[in-house]
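Comments concern the structure below.
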Amino acid sequence: MPSQIHVPLDEWALLAGDAVHNARSALDALVWGFATANGREPGTPHRVSFPVTANRTAWRSAAKALDSVPAEVLERIEAVQPWNDNLPSDHASWLEVATRLDNDDKHRGAMVAMPVQESFDLDGMSVRLGEPTELGAFMHIFENGLDGSTTPGTPFARFSFGAVILEGSVLPETAVLPLAPGMTFRGSPVATMSLQQEMLSALTGICEWVETGEEPTSATILPESYDPDPSNFDSTPAEGTTSE
């Protein structure tokens with residue numbers, strides 16, 4: 001872990017929070033349009049939104065606030081509810097991810113800095129490799145916050161070339177690891193690039209489906225599932241891993 005590192009997590013939180021909120025609000029605006037079209041007046045206008053519910057019972061309760069929304073539109077909204085995806089318990093639809101992140105308090109504390117990829121740049125490296133090691137090649141990253149609270153010099157990652165390094169090899173003392181903003185969901189980081197590409201595509205597809213009743217061109221009817229994988233952000237090294 002380098003010394004005097006500063007990652008602008010607060011600045012990232014404000015920008016990412018605005019972006020996620022705007023994307024999620026598009027669904028609410030769509031429902032409001034249906035609820036008030038052609039002179040319709042919802043009974044409880046302050047409760048009109050795009051509901052995201054945990055089960056059918058919760059859906060029935062939330063749908064009562066959408067009394068002025070046409071029945072066929074309500075059926076389409078119900079069709080994209082997360083509980084209709086039949087996903088395993090450790091999965092989540094992008095609709096659920098967007099709603100959870102949007103409900104977070106300005107996303108402060110939910111922002112992290114995460115590696116762009118599981119590799120880093122070793123300028124000037126010249127390595128001669130010998131016999132393969134038993135563990136093989138690996139890259140294991142331990143930290144994901146980079147908020148200045150970790151003591152400088154603490155191991156950030158361990159890696160192995162998968163073979164013995166022979167004499168005469170040159171390994172620089174410093175390495176460059178590209179970082180990008182991420183947001184935590186269920187304790188695991190989600191790259192903002194995934195939010196920008198995959199989540200936005202899924203939400204756009206939902207809007208198309210609810211508005212037209214036709215299969216969307218930008219995404220499947222049901223948003224793509226997200227399977228958080230915390231293995232790369234464990235706080236302790238995997239048993240038996242060492243830098244070679």
Side-chain angles (χ1 to χ4, degrees), residues 1-16 19 88 90-92 94 97 101 107-201 224-244:
M1 182 69 65
S3 60
Q4 299 179 336
I5 186 171
H6 171 69
V7 178
L9 295 180
D10 287 344
E11 292 88 340
W12 285 355
L14 292 174
L15 293 171
D90 59 346
H91 287 57
W94 280 113
V97 173
L101 294 179
H107 308 280
R108 294 183 181 270
M111 292 299 302
V112 294
M114 55 189 299
V116 175
Q117 55 190 9
E118 293 184 21
S119 63
F120 47 79
D121 186 11
L122 290 164
D123 287 334
M125 179 178 67
S126 176
V127 177
R128 295 174 58 241
L129 300 178
E131 293 293 323
T133 59
E134 182 178 350
L135 291 175
F138 63 82
M139 173 77 174
H140 190 81
I141 299 171
F142 310 137
E143 299 288 341
N144 66 329
L146 294 177
D147 56 2
S149 62
T150 304
T151 304
T154 301
F156 179 86
R158 296 185 186 276
F159 76 98
S160 171
F161 292 109
V164 175
I165 299 176
L166 300 178
E167 292 185 8
S169 298
V170 177
L171 281 172
E173 294 184 359
T174 60
V176 177
L177 181 66
L179 299 174
M183 303 179 75
T184 54
F185 176 80
R186 293 182 179 174
S188 298
V190 185
T192 53
M193 185 63 71
S194 295
L195 301 179
Q196 180 182 3
Q197 295 177 346
E198 299 172 33
M199 186 186 77
L200 188 59
S201 177
E224 182 178 350
S225 63
Y226 170 65
D227 182 11
D229 179 8
S231 61
N232 291 329
F233 298 89
D234 197 358
S235 59
T236 56
E239 184 178 356
T241 58
T242 58
S243 58
E244 300 291 326

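Predicted model, so just to flag it, every value in this text is computed and none were measured. For the numbers below, each heavy atom of this structure counts, side chains included, while hydrogens, waters and symmetry mates do not.
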Exercise for the section: For residues Leu129 and Ile165, determine if any side-chain heavy atom of one lies less than 4.5 Å from a side-chain heavy atom of the other. Expected result: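 Yes; the side chains approach each other to less than 4.5 Å.
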
Nearest heavy atoms of [X] and [Y], plus distance in Å:
X	Y	answer
Thr133	Val164	CG2-N, 4.0 Å
Ala163	Gly130	CB-O, 3.6 Å
Leu101	Thr184	CD2-O, 3.6 Å
Ser169	Arg128	OG-N, 2.9 Å
Gly136	Ser160	O-OG, 3.5 Å

Handout entry: Qualifying residues under side chain to side chain contact (heavy atoms under 4.5 Å, CB included), relative to Met125, sequence neighbours excluded
Key =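 For Met125 the side chain to side chain contact (heavy atoms under 4.5 Å, CB included) partners, ignoring immediate neighbours, are Leu122, Val127, Phe161, Leu171, Pro172.
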
Practice task
To the nearest 0.5 Å, tell me how far Met183 CE sits from Trp12 CH2.
Solution key: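 Interatomic distance, Met183 CE to Trp12 CH2, rounded to 0.5 Å: 12.0 Å.
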
Practice task
Please assess Leu15 against Thr192 for the test side-chain contact (heavy atoms from CB on, under 4.5 Å), listing each intermediate value before the final yes or no.
Solution key: CA-CA 11 Å; Leu15 293 171; Thr192 53; over 6 Å; no

Exercise for the section: May I have the step-by-step check of side-chain contact (heavy atoms from CB on, under 4.5 Å) for Leu200 and Trp94, ending in yes or no? Expected result: CA-CA 9 Å; Leu200 188 59; Trp94 280 113; over 6 Å; no

